[in-house]
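Since the structure comes first, as structure tokens, the remarks are kept for the end.
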Protein chains: 2
Amino acid sequence: MIKDEINWSILLLLQQNARLTNAEIGRRVGLSSPAVTERIKKMEDLGVIKGYAANIDHRATGHQLKAIVTLKVFSGRLKPFLEIVRGFKEVVNCYRITGVENIIMEVILFDQNHLEEFIDKVIQYGETRTHIILSNVVENREIQRNTRKRV
Amino acid sequence: MIKDEINWSILLLLQQNARLTNAEIGRRVGLSSPAVTERIKKMEDLGVIKGYAANIDHRATGHQLKAIVTLKVFSGRLKPFLEIVRGFKEVVNCYRITGVENIIMEVILFDQNHLEEFIDKVIQYGETRTHIILSNVVENREIQRNTRKRV
DNA sequence: AATGAAATCATTATCCA
DNA sequence: TGGATAATGATTTCATT
């Protein structure tokens with residue numbers, strides 16, 4: 001759990017720019033830099049902060065396509081799929097989900113050939129459905145403090 | 001485009017830990033820290049690096065549920081939806097996609113009541129399908145250099 | 001891209017509420 | 001327990017080569 005308002009502010013700042021210095025964060029939230037350092041370290045140790053990642057434009061790395069691929073896994077094929085998917089570099093996110101489909105993946109691909117090769121790899125584990133991503137409407141929004149009424 | 005191998009190394013390091021100092025990155029890739037600073041700045045300016053985000057555990061912020069919600073938008077309702085979805089704090093990612101559904105969203109929610117409220121908000125824009133996320137199989141994997149054979 | 005000087009930052013220890 | 005302050009060492013920034 002998050003201790004107080006100041007930690008919420010620190011979390012928001014780090015979600016917006018993880019490369020802010022602790023001194024700069026301190027200035028914005030009204031704390032000294034050692035105090036900020038200690039608060040951040042504690043939240044890292046507690047697992048509140050899981051890590052810090054640079055956000056890369058996939059087109060700049062030569063990846064033309066981004067797609068969502070769902071998988072309705074064949075009977076008995078879930079476990080082997082869960083093993084092998086960790087090795088697929090195209091897959092940047094993979095979730096187990098409820099519903100008719102069991103798996104949903106976010107995939108980054110060089111081109112349509114690459115998409116075809118990828119489908120070939122996963123089709124032996126289940127029935128796939130592919131959605132090409134056309135545009136980003138909301139991207140990587142920060143998790144914020146709960147301000148809604150609780151029931 | 002990415003200039004050389006060293007920039008790929010820098011990108012990989014920043015995806016794994018965006019809070020590494022430039023001096024530390026320099027040590028690992030064999031450059032001085034001003035050289036690293038300049039390379040990173042150039043990649044930021046070119047839009048190769050879009051930003052740096054702390055990764056927060058949604059359970060630690062009191063959000064019990066994560067879900068995928070797809071939307072088959074009603075005729076004429078896409079534009080108003082695209083406007084309003086930017087204001088929905090629950091939505092951390094939203095894509096326009098090809099296929100029967102037009103929209104796919106990644107949503108973070110406090111509890112099942114919150115999910116119900118969220119569905120109520122979006123259901124006027126189209127037909128929804130909700131998948132609760134059960135677990136993460138692959139999370140936030142780094143985009144890597146292309147090593148596969150090109151055709 | 002490296003180097004060196006100056007400013008800023010991180011870290012540690014100590015003290016205080 | 002949590003934070004401020006001060007000292008030291010590391011880092012960043014800027015100018016120069």
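Proteins come first, then strands; the chains are lettered A, B, ... in the order of their sequence lines, and each starts at number 1. The analysis underlying the following values was restricted to heavy atoms, covering all of them including side chains, and did not include hydrogens, waters or symmetry mates.
- For B:Thr37, the side-chain contact (heavy atoms from CB on, under 4.5 Å) criterion is met by B:Asn22, not counting sequence neighbours.
- Among residues two or more places apart in sequence or in another chain, the side-chain contact (heavy atoms from CB on, under 4.5 Å) test is passed with A:Glu142 by A:Leu12, A:Gln15, A:Gln16, A:Gln144.
- Hydrophobic cluster of B:Leu78: the remaining members, joined at side-chain heavy-atom separations below 4.5 Å, are A:Val137, A:Val138, B:Leu65, B:Val69, B:Leu71, B:Val73, B:Phe81, B:Leu82, B:Ile84, B:Val85, B:Phe88, B:Val91, B:Ile103, B:Met105, B:Val107, B:Leu109, B:Leu115, B:Phe118, B:Ile119, B:Val122, B:Ile123, B:Tyr125, B:Ile132, listed by chain and number.
- In this structure, A:Ile25 places its CD1 atom 18 Å from P of C:dT8, rounding to the nearest Å.
- Among residues two or more places apart in sequence or in another chain, the salt bridge (charged side-chain N to carboxylate O under 4.0 Å, His left out) test is passed with A:Lys72 by none.
- Against DNA chain C, the stretch residues 2-18 of chain B makes no heavy-atom approach under 4.0 Å.
- Rounded to whole angstrom, the span from the CZ atom of B:Arg19 across to the P atom of D:dT12 amounts to 12 Å.
- Distances were taken from every side-chain heavy atom of A:Ala35 (C-beta onward) to each of D:dA4, C:dA10, C:dA1; the shortest belongs to D:dA4.
- Here A:Lys41 does not pair with A:Glu44 in a salt bridge; the nearest charged N to carboxylate O distance is not below 4.0 Å.
- Note that the two end axes of the helix from C:dA1-D:dT17 to C:dA17-D:dT1 enclose an angle of 30°, each drawn from 5 base pairs, rounded to 10 degrees.
- One atom, CD1 of A:Ile40, and another, P of C:dC9, lie 14 Å apart when rounded to the nearest Å.
- Within 4.0 Å of A:Ser32, counting heavy atoms only, lies at least one base atom of the nucleic acid.
- Qualifying salt bridge (charged side-chain N to carboxylate O under 4.0 Å, His left out) partners for A:Arg77, counting only residues two or more places apart in sequence or in other chains: none.
- Scanning for salt bridge (charged side-chain N to carboxylate O under 4.0 Å, His left out) contacts around B:Lys3 gives an empty result, with sequence neighbours left out.
- In this structure, CD of A:Glu24 is placed 12 Å from P of C:dT8, rounded to the nearest angstrom.
- A:Val29 belongs to a hydrophobic cluster whose remaining members, ordered by chain and number, are A:Ile2, A:Ile6, A:Trp8, A:Ile10, A:Leu11, A:Leu13, A:Leu14, A:Leu20, A:Ile25, A:Leu31, A:Val36, A:Ile40, A:Met43, A:Leu46, A:Val48, A:Ile49, A:Tyr52, A:Ile143, B:Ile56, B:Val92, B:Ile108; membership requires side-chain heavy atoms of ILVMFWY residues under 4.5 Å apart, directly or through intermediates.
- Checking D:dG2, D:dT12, C:dC9 against every side-chain atom of B:Ala23, the shortest atom distance belongs to D:dT12.
- For A:His63, the ring-ring contact (aromatic ring centres under 6.0 Å, His included) partners are A:Phe110, not counting sequence neighbours.
- The separation between A:Glu38 atom CD and D:dT5 atom P is 16 Å, rounded to whole Å.
- The pair A:Lys121-A:Glu117 does not meet the salt-bridge criterion, since no charged nitrogen lies less than 4.0 angstrom from a carboxylate oxygen.
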message: Generate the contact string for nucleotides 11-17 of chain C. Rules: B means base contact, S means sugar-phosphate contact only, - means no protein heavy atom under 4.0 Å.
response: BB-----
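- OP1 or OP2 of D:dG2 sits under 4.0 Å from a side-chain N or O of A:Lys42.
- Partners of A:Ser135 by side-chain contact (heavy atoms from CB on, under 4.5 Å), not counting sequence neighbours, listed by chain and number: B:Arg96.
- Distance, A:Leu20 CG to C:dT8 P: 17 Å, rounded to whole Å.
- Within the structure, a side-chain polar atom (N or O) of B:Arg27 is placed less than 4.0 Å from OP1 or OP2 of D:dT11.
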